[in-house]
Amino acid sequence: MAQDYNFFDNVYDVVRQVPAGRVTSYGAIAAYLGAKRSSRVVGYAMQVAGTANPPVPAHRVVNRQGLLTGKFHFGGNTMQQLLENEGVQVEENQVQNFKEIFWDPAIELAL
DNA sequence: GAGGTGACGACCC
DNA sequence: TGGGTCGCCACCT
């Protein structure tokens with residue numbers, strides 16, 4: 001009741017903290033939540049992220065390889081356009097300099 | 001009500 | 001070193 005803060009909602013909270021021009025991975029979020037094996041759930045969360053309120057910048061979330069796996073779910077090249085609009089270089093559906101712009105919640109949100 | 005699927009990732013053989 | 005399988009939580013049929 002009150003607020004069923006599930007793993008799902010927790011994912012949204014982390015993704016919303018991802019700054020523009022930076023990207024993160026499903027596993028990084030899952031690992032930050034203490035469930036790196038639940039990376040799949042993170043991906044599913046991104047699917048419903050479009051229906052979440054407030055909307056979650058799912059376009060900043062890519063897989064471990066930096067590939068825009070969810071690009072097709074956005075509908076066309078929307079995901080790539082959004083990333084490039086933020087200054088992220090995308091080539092062949094893959095984020096360039098991925099390790100450089102990689103935003104790790106386990107580190108950035110480390111307190 | 002139960003089973004299967006899914007934007008992934010890690011572990012096992 | 002590489003391929004295959006399991007796991008995890010939520011949503012859909």
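First the proteins, then the strands, lettered A, B, ... as listed; each starts at 1.
Clustering ILVMFWY residues whenever any of their side-chain heavy atoms sit less than 4.5 angstrom apart, transitively, puts V18(A) in the very cluster that holds L33(A). Transitive grouping of hydrophobic side chains (ILVMFWY, heavy atoms separated by less than 4.5 Å) keeps V61(A) and I101(A) in distinct clusters.
Of the possible donor and acceptor atoms, none in the side chain of N6(A) sits under 3.5 Å from a partner among the backbone N and O of F8(A).
As a whole-Å value, the separation of H73(A) NE2 from dC8(B) C1' is 12 Å. For the pair K36(A) NZ and dA10(B) P, the interatomic distance rounds to 7 Å; values are reported in whole Å. We find that CZ of F7(A) is positioned 12 Å from C1' of dG9(B), with the value rounded to whole Å. Computed from coordinates, the Y44(A) OH to dC8(B) C1' distance equals 14 Å when rounded to whole Å. Distance, L67(A) CG to dC8(B) P: 10 Å, rounded to whole Å. With rounding to whole Å, L33(A) atom CG is found 17 Å from dA10(B) atom C1'. In this entry the distance linking CZ of F72(A) with C1' of dG6(B) reads 16 Å, nearest Å.
With a heavy-atom cut-off of 4.0 Å to chain A, the contacted part of DNA chain C has its first and last nucleotide at dG7(C) to dC11(C).
We find that E86(A) and R60(A) are joined by a salt bridge, their nearest charged nitrogen and carboxylate oxygen being less than 4.0 Å apart.
Residue A58(A) is classed as a base contact, given a heavy-atom separation below 4.0 Å to a base.
Heavy atoms from other residues, nucleotides or ligands lying under 6.0 Å from CD of Q89(A) number 12 at most.
Between the side chain of R40(A) and the base of dG6(B) there is at least one donor-acceptor pair of N/O atoms closer than 3.5 Å.
Side chains of V95(A) and L68(A) form a contact here, defined as non-hydrogen atoms less than 4.5 Å apart.
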